[in-house]
Participant: 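Once you've had a glance at the structure underneath, I'll fire off some questions.
Start at 1 and go down the list; that is how both ligands and their atoms are numbered.
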Amino acid sequence: MSTDRAVIIGASHAGAALAAHLRREKWSGDVVLIGDEKTLPYQRPPLSKAYLAGTSALDALAIRGADFYDKQSIELVDAAVTAVDRQARTVTLDTGVMQSYSTLAFCTGARTRRLTTPGADLAGIYYLRTAADSASLRSAAVPGKRVVVVGGGYIGLETAASLSKLGLEVTVVEAADRVLERITAPVVSAFFTRIHRESGVVIRTGALVEEFRGDTQVREVVLAGGETLPADLVVVGVGIVPNTELAEAAGITVDNGIVIDDRARTNDPDVIAAGDCASYEIPRYERRLRLECVAAANEHAKVAASTMAGGSATMSALPWFWSDQYDLKLQIAGLNTGYDEVIINGDPERDRDFTCYYLRESELIAADCVNRPRDFMTSKKAIAERSPVERAELGG
Ligand SMILES: Cc1cc2nc3c(=O)[nH]c(=O)nc-3n(C[C@H](O)[C@H](O)[C@H](O)COP(=O)(O)OP(=O)(O)OC[C@H]3O[C@@H](n4cnc5c(N)ncnc54)[C@H](O)[C@@H]3O)c2cc1C
């Protein structure tokens, strides 16, 4: 009997992809996928988009059907891992059961960052990370209700678009002086502000939430300076915190995420990590980061499966991301950190499609493409290959 036993903690994008890739890598030992969400692994991006807007059902979110795991002999375990003992090579579940492993993966992802603002524990304040979160927000999202969305990042803006489509009166409150401030150029922020305003969403920037007021249910949001915004419900989208405590307690190195190398290995070669919980050095940018996107989770999972199965694959893919709001598909190739110039192709002040190219020392490093799938494909390739691009080709 084989003693090879791959145990994966966390059954979402990274964990599910890792289990599937292990079988593709001809791993013949056991594959045990442990998740605490009591559902088949499902896609998270629709939780602020189609699922929240009511155009997609929970079943349609499953990454793969139950038969896939059966056929691939992937054992799904419905439990939370509470401890890892690397000396004994075991994990302990909240059911009291102990599982042994020969190789272990942390795919524990992240949780929402919670506000500690006074009144933050009132009823009617929602966060969005799980299918259960999205379902309960959706059931409260009755047309005509007033919702304040705290945070003008992607999750906040996608939520605003979905709730506005459902007929709610939406106000987005952002502390920075523009939405998407951390991640895009001012021109892209201005574009999304216009699009939301045209759909009736109120965007308030430079607005800091100081308090939530209500009896037991939230009734108003108080901004610094004393202004109050009436609210029947509030959705908070102010970032995530990686789930690294379990790894840290087991002696795994953590520094803004579980630190992994270019083969997804932690400081223990028999322990890998993948997805939102892991930080890695991105080859194209020579920077260590923790990315919060499906593409990175899939890339880590593919490399991790190779490592666990004795192969030698390394990280190579360019990071990319997408966001859907209304009829718009934003696709982002690469990372724009450190850009010193932008070139705009199109008219973001009037149209609903354009591309914002980011350059550093005249080299193309990233592109935000709105309803421009061809620009996305060509820039993704050019950025990854570091091909020289002519300004005229970018349309600047
Ligand atoms: C609303 C929303 C919209 C998004 N939209 C996009 C998008 O448009 N594009 C994009 O690229 N990305 C998007 N993302 C981000 C994307 O969903 C994440 O990058 C992705 O889910 C990361 O996958 P993961 O497997 O690393 O972590 P997670 O999805 O966080 O999964 C980790 C899993 O591990 C489980 N777990 C944790 N600890 C334990 C334990 N001790 N025992 C057992 N199980 C445990 C968790 O419950 C969870 O199920 C979105 C995320 C959200 C929330």
Participant: Counting non-hydrogen protein atoms only, what is the nearest one to atom 13 (C) of ligand 1? Give residue, atom name and distance.
Facilitator: P45 CG, 3.8 Å
Participant: If you measure every N/O of R44 against every N/O of ligand 1, is any gap under 3.5 Å?
Facilitator: yes
Participant: Can you check whether A295 has an N/O within less than 3.5 Å of an N/O in ligand 1?
Facilitator: no
Participant: Hey, does C277 come in under 3.5 Å of ligand 1, counting only N/O atoms on both sides?
Facilitator: no
Participant: Any idea which protein heavy atom is nearest atom 46 (C) of ligand 1, and the distance to it?
Facilitator: D36 OD1, 3.5 Å
Participant: Test of understanding: given a 4.0 Å heavy-atom threshold, classify the contact between A110 and ligand 1 as side chain, backbone, both, or neither.
Facilitator: backbone
Participant: Salt bridge check, E198 against R194: does any charged N sit closer than 4.0 Å to a carboxylate O?
Facilitator: yes
Participant: Counting each atom of ligand 1 from 1 as listed, which ones have a heavy atom of I9 under 4.0 Å away?
Facilitator: 40 (C), 42 (N)
Participant: Is the closest side-chain donor-acceptor distance between S323 and Q325 under 3.5 Å?
Facilitator: yes
Participant: Look only at interatomic distance and state if L128 has a nitrogen or oxygen under 3.5 Å from any nitrogen or oxygen of ligand 1.
Facilitator: no
Participant: Heavy-atom contacts with G275 under 4.0 Å: which atoms of ligand 1 show up? List them by number with element.
Facilitator: 26 (O)
Participant: Looking at atom 25 (O) of ligand 1, what's its closest protein heavy atom, distance included?
Facilitator: A14 N, 2.9 Å
Participant: Could you tell me, atom by atom, which parts of ligand 1 come under 4.0 Å of a heavy atom of C107?
Facilitator: 32 (C), 33 (C), 34 (O)
Participant: Short list, please: which atoms of ligand 1 are under 4.0 Å from a heavy atom of V294?
Facilitator: 10 (C), 11 (O), 12 (N), 16 (C), 19 (O)
Participant: Considering both backbone and side-chain atoms of L246, is one of its nitrogen or oxygen atoms within less than 3.5 Å of a nitrogen or oxygen in ligand 1?
Facilitator: no
Participant: With side-chain contact (heavy atoms from CB on, under 4.5 Å) as the test, pick out the partner of V32 among V7, I74, V91.
Facilitator: V7
Participant: Below 4.0 angstrom from a heavy atom of C293, which ligand 1 atoms are there? Numbered from 1 as shown, please.
Facilitator: 11 (O), 12 (N), 19 (O)
Participant: Is D30 paired with R5 through a side-chain N to carboxylate O contact shorter than 4.0 Å?
Facilitator: yes
Participant: Checking R288 side chain against S279 main chain: does a donor-acceptor pair fall under 3.5 Å?
Facilitator: yes
Participant: Nearest to atom 20 (C) of ligand 1, what protein heavy atom do you find, and at what distance?
Facilitator: H13 CD2, 3.7 Å
Participant: Within ligand 1, which atoms have a heavy atom of A80 less than 4.0 Å away?
Facilitator: 42 (N), 43 (C)
Participant: Find out whether the Lys NZ or Arg CZ of R290 is both under 6.0 angstrom from the six-membered ring centre of Y280 and within 45° of the ring's axis.
Facilitator: no
Participant: Please determine if D276 and R129 form a salt bridge, counting it only when a charged side-chain N lies under 4.0 Å from a carboxylate O.
Facilitator: yes
Participant: For ligand 1, is A16 a contact, meaning one of its heavy atoms is under 4.0 Å away?
Facilitator: no
Participant: Quick one: which ligand 1 atoms are inside 4.0 Å of a heavy atom on A79?
Facilitator: 43 (C)
Participant: Test of understanding: given a 4.0 Å heavy-atom threshold, classify the contact between D324 and ligand 1 as side chain, backbone, both, or neither.
Facilitator: neither
Participant: Among protein heavy atoms, which lies nearest atom 15 (C) of ligand 1, and at what distance?
Facilitator: E292 O, 3.9 Å
Participant: For atom 27 (O) of ligand 1, find the nearest protein heavy atom and state the residue, atom name and distance (0.1 Å precision).
Facilitator: G109 CA, 3.2 Å
Participant: Kindly confirm or rule out an N or O of N243 lying under 3.5 angstrom from an N or O of ligand 1.
Facilitator: no
Participant: Compute whether any side-chain donor of one residue and acceptor of the other, for T314 and D262, lie under 3.5 angstrom apart.
Facilitator: no
Participant: Looking at ligand 1, is there an atom of it that comes within less than 4.0 Å of some heavy atom belonging to K49?
Facilitator: yes
Participant: Checking side-chain contact (heavy atoms from CB on, under 4.5 Å) against S134, which of L47, L61, L58 comes through?
Facilitator: L47
Participant: Flag W320 as yes when one of its N or O atoms lies below 3.5 Å from any N or O atom of ligand 1, and as no otherwise.
Facilitator: no
